[in-house]
Amino acid sequence: MTPSSFCEDSWRHRRALSTTDEAYMEQAILLARAGIGQTYPNPAVGCVLVRDGRVVGQGAHLKAGGPHAEIHALAEAGEAAAGSTAYVTLEPCSHHGRTPPCADALIAAGVARVVIALVDPDVRVAGRGVDRLRSAGIDVVVGVLAAASERLNEPYLFFKRTGLPHVLWKSAVTLDGRLAADSGQSQWVTGSAARAEVQALRRQVAAIVTGVGTLLADNPELTIRGPDHVPEASERQPVRVVLDTHLRTPATAKLLGAPGRTVIFASPAAVAAKKEQVLELEKAGHVEVRPVQTAASGLDLDAVLCQLARMNLWSVLLETGPTLASSFLQLGRVQRVALFYAPKLLLSGLPMLQGAPVTQHMDEALQLTDVEWRRVGDDFLVEGRVLERGE
C-alpha cells in the first residue's frame with residue numbers, strides 16, 4: 001500500500017531526523033489508523049520495513065479478507081525486504097484464516113529483525129507468531145510503543161481478553177447535563193460538526209445499542225450517514241441492537257428498513273406471547289428478534305452482552321436514554337465515554353443519567369482516565385476511559 005500524502009507529510013514533519021525504533025513504530029501506528037472502522041472483525045495494523053536506515057516498504061490492513069499490513073509492506077519492498085527490520089503494531093498472525101500467516105511471509109522474505117508493539121491476545125496467535133519468528137532465527141523485540149498500540153485497538157483487545165464487547169457510551173447534552181427539553185424535543189442539542197463526529201464514531205464500531213424508549217421517542221435510523229444525511233448503503237453499517245423487554249417496537253420504525261441489520265432483544269415471555277408481531281417485525285427488513293433472560297429491572301444486560309459476543313460483535317456504541325445508560329454504568333459495563341457538551345442551559349428537562357442508586361460519597365464516583373477534550377464546532381467533546389472500580 002502506498003501511504004497517503006497526509007501520512008508522509010506528518011511523518012516528515014515530526015520525525016525527519018529520527019531513526020529510532022520508537023520513531024518507526026510511530027509511523028506504523030499512523031499507517032494503522034487508516035484502517036480503523038474498515039477492518040472489522042480484524043484489528044487495525046500497520047507495518048514499516050526499514051533497511052540501512054531507509055524505509056523500503058510500508059502498509060496497513062485496510063479491509064477484512066484483504067492483505068494484512070505485512071503483506072502490503074513486503075510487496076512494496078520487494079527484494080529489499082531481505083535483511084530489513086519490520087515494525088508491526090500487533091504480533092504477526094501465525095494461523096491460516098482468509099489469508100496465509102504473516103509470520104511465514106516475513107520469514108520467507110528474509111526479514112532479519114521484527115519489532116512488535118503488542119502480542120495479539122487472540123488464542124490463535126497469542127505468542128505463536130513471536131515463537132515462529134524466533135525459531136527461524138529472527139531477532140524479535142516486543143513492547144515498543146505498547147501503550148499507543150493498545151489505544152489503537154482498544155475494543156478488539158478488550159474483547160479478546162475478556163470475551164465481552166467493548167462498550168463506548170456516547171451522549172450529547174447541554175452544560176447542565178440535559179438530553180432533551182421537558183417536551184421531549186432533543187433535535188438538536190449539538191451542532192452539525194458534533195453530529196458529523198458521531199458518524200465517525202459509528203464507523204468504528206460493530207454495533208449500536210439503543211433502548212425501546214429512545215426508539216419510540218426519536219425514531220432514529222442509527223446508520224452511518226453521509227454529508228447529505230442519507231444512509232451510506234455502500235458502507236458497512238453497524239448492527240443496530242434494540243433492547244425491548246416487552247416487544248413494543250413498531251414495524252414502522254425507521255431503523256427496521258434502513259440499510260444493514262437489526263437485532264431486537266426481548267424477554268422470552270414477550271417473544272412467546274407476541275408471535276404475530278415477531279413475524280411482522282422480521283418481515284419489515286433484515287430483522288431478527290431474539291429472546292434473552294431478564295433481570296429485576298428488565299433485560300439482563302450481561303446476558304445481552306454475552307449474546308453480542310457470540311455474534312462476534314466486539315465493539316458497541318451505546319446511544320440510549322438516561323435509564324439504560326445508568327444501568328450499563330452501574331454494572332461496570334462501559335469502558336469508554338464520549339460526551340458532547342453544547343454551550344446551552346435548559347434549566348430543566350431530561351437528565352443524561354437517572355435511575356441509578358443514590359451516591360452518598362464522592363469516592364463512589366466512576367473515575368475517568370486518559371481524558372481528552374477538544375472543541376468540535378461550537379461544542380466540546382470530552383473522551384476518557386472508565387476506570388474499573390478498585391483499579
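Only heavy atoms go into these numbers, but all of them, side chains included; no hydrogens, no water, no symmetry mates.
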Would you give me the side-chain donor-acceptor pairs under 3.5 Å for residues 250-260, sequence neighbours excluded?
none

The complete set of salt bridge (Lys or Arg N to Asp or Glu O under 4.0 Å) pairs with one or both residues in residues 158-177, sequence neighbours excluded, reads Asp122-Lys160, Glu150-Arg161, Lys170-Glu319

Quick note, side-chain hydrogen bond (donor to acceptor under 3.5 Å, both in side chains) partners involving residues 257-266, not counting sequence neighbours, are Arg240-Thr262, Arg261-Glu288

Residues passing the ring-ring contact (aromatic ring centres under 6.0 Å, His included) test with Phe328, sequence neighbours excluded, are none

The salt bridge (Lys or Arg N to Asp or Glu O under 4.0 Å) partners of Asp182 (sequence neighbours excluded) come to none

Hits for salt bridge (Lys or Arg N to Asp or Glu O under 4.0 Å) against Asp131, two or more places apart or cross-chain, chain-then-number order -> none

Hits for ring-ring contact (aromatic ring centres under 6.0 Å, His included) against Phe265, two or more places apart or cross-chain, chain-then-number order -> none

Applied to residues 206-219, the side-chain hydrogen bond (donor to acceptor under 3.5 Å, both in side chains) test, sequence neighbours excluded, yields none

By salt bridge (Lys or Arg N to Asp or Glu O under 4.0 Å), Glu197 pairs with (sequence neighbours left out) Arg374

Side chain to side chain donor-acceptor pair (under 3.5 Å) filter on Ser149, not counting sequence neighbours, yields none

Residues 327-343 vs salt bridge (Lys or Arg N to Asp or Glu O under 4.0 Å), sequence neighbours excluded, gives Glu154-Arg336, Asp302-Arg333

Sorted by chain and residue number, the salt bridge (Lys or Arg N to Asp or Glu O under 4.0 Å) partners of Arg113 (sequence neighbours excluded) come out as Asp21, Asp139

